[in-house]
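One structure is given here, and the rest of the page talks about it.
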Number of protein chains: 2
Amino acid sequence: MAQLERTHLAIVRAVDQHGSLTAAAEQLHLTQSALSHAIRKLEDQLGVAIWTREGRRLRPTQAGAYLLSVANRLIPQLTHAEARLRQFAQGERGTLRIGIECHPCYAWLLKVVSPYLANWPDVDVDVKQEFQFSGIGALFGHEIDLLVTPDPLFRTGLQFEAVLDYEQVLVVGPRHRLAGTPCVQPDQLAQETLISYPVPIDRLDIYTQFLLPAGIRPKRHKPIETTDIMLQMVASGRGVAALPRWLANEYAERLGVTAIRLGERGIDKQIFLGIRQAEAGIDYLHAFVELARAHRNHGG
Amino acid sequence: MAQLERTHLAIVRAVDQHGSLTAAAEQLHLTQSALSHAIRKLEDQLGVAIWTREGRRLRPTQAGAYLLSVANRLIPQLTHAEARLRQFAQGERGTLRIGIECHPCYAWLLKVVSPYLANWPDVDVDVKQEFQFSGIGALFGHEIDLLVTPDPLFRTGLQFEAVLDYEQVLVVGPRHRLAGTPCVQPDQLAQETLISYPVPIDRLDIYTQFLLPAGIRPKRHKPIETTDIMLQMVASGRGVAALPRWLANEYAERLGVTAIRLGERGIDKQIFLGIRQAEAGIDYLHAFVELARAHRNHGG
DNA sequence: CTAACTCATGAATTCAATGCATGTTTTGAT
DNA sequence: ATCAAAACATGCATTGAATTCATGAGTTAG
């Protein structure tokens with residue numbers, strides 16, 4: 001009997017965003033009265049209050065809060081579906097929404113995206129770095145269509161494939177005492193300043209796979225947003241950083257930084273591409289994975 | 001301008017299910033004309049065809065197929081949201097939708113569910129064993145609220161917790177030549193008939209962790225649906241099975257079956273409970289996890 | 001205490017969704 | 001071939017649900 005419609009979701013959402021029915025009405029190009037009527041009717045039909053009216057304020061009830069969470073989850077999906085359908089109309093293939101879960105992933109992506117865009121002029125590319133939850137959650141939740149990550153997940157309706165093998169190395173400046181050493185041991189970093197991207201320590205391989213097992217912590221730890229600045233700091237002797245070897249090499253000549261193996265065996269890493277299994281057949285998605293795979297064989 | 005409404009999703013879905021507009025109209029308690037008009041309008045507004053009209057048949061276009069997949073994903077969520085809201089109305093807390101990913105999980109669940117139902121009379125419990133993709137996908141997709149699984153996944157917006165440690169053992173009948181042996185080696189099973197639940201081999205620990213590493217395969221492999229029948233078969237000497245020790249013990253006296261350690265160190269397993277992190281605070285959900293945790297400490 | 005703002009509500013109105021009647025095409029049986 | 005049945009399309013009429021309008025009642029702040 002009662003039907004939860006898109007309008008209801010939109011109203012609840014708008015009220016949450018704007019704080020009042022009146023303001024929400026404006027955004028939705030409706031009158032305050034319309035919203036009031038609409039929600040009133042829904043409340044009657046479901047037999048549950050969405051908001052408690054406290055003075056002239058609307059405070060969501062438990063049911064209201066739940067409805068809001070549903071709205072925040074579903075409305076974006078509806079919106080995206082519409083957009084996608086319109087793209088079909090214009091002969092565009094669609095938008096490839098790529099999610100990134102690590103900084104080196106981004107650097108790698110830049111190399112692959114440009115040839116892809118050239119091959120697929122009717123596909124747009126969107127890159128997102130922030131998700132409601134994790135990248136995998138974003139894949140499941142249809143926030144993104146493709147995930148670039150160091151942490152794959154098999155056997156789940158998703159499909160992962162490695163597209164880049166690389167070595168994580170220590171990068172030091174030209175006059176650093178360790179420059180020229182073939183490899184470095186954890187305790188040699190005890191007096192160093194470690195520069196890294198601003199992510200939790202348990203996401204930094206140099207900690208989880210190198211320093212922490214040896215019980216070592218660097219003297220100081222400094223987070224920096226961008227690779228460029230990070231390496232300028234390293235070049236000027238203000239600290240050391242851990243980066244993929246291929247990324248370090250790109251800066252080696254220009255800045256005079258050098259790469260040093262972490263431990264005797266080095267730290268090996270991979271970057272994976274993940275998609276929803278059900279969509280493995282979509283041509284422009286498949287093509288991206290193919291292109292990435294080709295890149296791998298050339299040696300990125 | 002164009003709005004993708006719930007009706008559109010419902011129509012596309014119904015047409016897919018029933019094969020024709022006319023039949024779909026009946027299910028939706030509308031006329032064939034209404035559906036025709038509705039979709040026509042949507043097509044005009046979006047500028048894309050949903051179906052190609054081939055004779056008197058409707059074949060979904062690419063856009064139509066896409067729309068159908070969206071419908072199949074979103075309509076159930078809307079339906080469930082409605083149901084949930086009605087539950088709020090009746091003072092019920094909600095429905096705890098539990099997903100099960102392994103057979104022992106089910107046996108374990110049975111023990112925990114009954115005290116839970118007693119403590120939370122206003123919560124319904126639903127158990128699902130089949131998902132569109134994996135259990136983890138079902139959690140992300142809001143098909144279920146709680147997952148019972150041997151394969152946890154950390155750091156993703158989900159929250160996993162171990163609720164049972166147990167040993168996977170070999171179960172043999174009373175007159176079996178191995179009965180009484182303290183532990184068994186892989187090659188001793190080469191001439192046996194192995195009875196297991198009907199799941200792929202790569203989901204059976206006795207294969208992945210015991211037989212396959214040693215390069216052994218049992219003489220025969222027979223899948224059986226239920227634990228009872230499985231153990232009756234074992235008791236009557238028709239084969240051997242691998243089960244949790246605690247589960248085998250429950251049948252030990254009645255059927256005279258005995259448990260034997262697999263290898264010298266045994267195979268240790270865990271069962272985990274997973275929920276969406278955002279919902280960790282929901283009282284009746286939290287209570288289930290608490291109850292499970294308490295069970296663990298008593299020794300299940 | 002009033003001015004300004006909020007949401008609620010009943011009645012009027014509008015406009016979109018639906019149904020009806022009918023047309024067109026396909027399908028399949030005779 | 002022919003004809004009846006079945007399925008979708010479409011123009012027009014109708015209905016009714018959603019929206020607006022006008023107003024009321026309550027809250028807040030200066």
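Predicted model, so just to flag it, every value in this text is computed and none were measured. Numbered from 1 within each chain, the chains take letters A, B, ... in sequence-line order. The analysis underlying the following values was restricted to heavy atoms, covering all of them including side chains, and did not include hydrogens, waters or symmetry mates.
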Nearest-angstrom distance from the residue atom [atom1] of [X] to [atom2] of [N]:
X	N	atom1	atom2	answer
A:H37	C:dT13	NE2	C1'	12 Å
B:D44	D:dG11	CG	P	11 Å
B:Q3	D:dT19	CD	P	11 Å
A:E43	C:dC7	CD	P	13 Å
B:I39	D:dC8	CD1	P	12 Å
B:L21	C:dT18	CG	P	13 Å
B:R53	D:dA6	CZ	P	22 Å
B:L30	D:dG16	CG	C1'	14 Å

Mind checking if [X] touches a base, just sugar-phosphate, or nothing, with heavy atoms under 4.0 Å?
X	result
B:E54	nothing
A:T22	sugar-phosphate
A:S20	sugar-phosphate
A:R57	nothing

Looking only at atom types and distance, does a side-chain atom of A:S134 sit under 3.5 Å from a main-chain N or O of B:G157, one as donor and one as acceptor?
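Here the side-chain-to-backbone pair does not exist.
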
Has the side chain of A:Y284 got a donor or acceptor atom that lies under 3.5 Å from a matching backbone atom of A:D124?
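Looks like no, no N/O pair under 3.5 Å.
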
Hey, can you tell me if A:F160 and A:F272 have their rings parallel, tilted or perpendicular (30° and 60° cut-offs)?
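The rings of A:F160 and A:F272 stand perpendicular, inter-plane angle above 60°.
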
Are any of the side-chain nitrogens in B:R6 or B:E82 under 4.0 Å away from the carboxylate oxygens of its partner?
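A salt bridge is present here (some side-chain N lies under 4.0 Å from a carboxylate O).
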
Contact under 4.0 Å: A:K41 side-chain N or O vs D:dA17 OP1/OP2:
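Answer is no, no contact under 4.0 Å.
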
Side-chain N or O of A:T31 versus OP1/OP2 of D:dT19: is the shortest distance under 4.0 Å?
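Answer is no, no contact under 4.0 Å.
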
With nearest nucleotide decided by heavy atoms, which residue, B:R40 or A:S33, maps closer to the 5′ end of DNA chain D?
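On the 5' side of the pair lies B:R40.
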
Any N or O donor-acceptor pair linking the side chain of A:S36 to the base of C:dC7 at under 3.5 Å?
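No such pair is found, so the answer is no.
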
Of the options C:dG19, C:dT9, C:dT6, whose atoms approach the side-chain atoms of B:A34 most closely?
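My answer, after comparing the listed nucleotides, is C:dG19.
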
Where the side chain of B:Q32 is concerned, which of C:dT9, D:dC8, C:dG19 is the nearest nucleotide?
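Nearest listed nucleotide: D:dC8.
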
Qualifying residue for side-chain hydrogen bond (donor to acceptor under 3.5 Å, both in side chains) with B:S196, from B:H221, B:K222, B:H103
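In the set B:H221, B:K222, B:H103, the residue that makes a side-chain hydrogen bond (donor to acceptor under 3.5 Å, both in side chains) with B:S196 is B:H221.
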
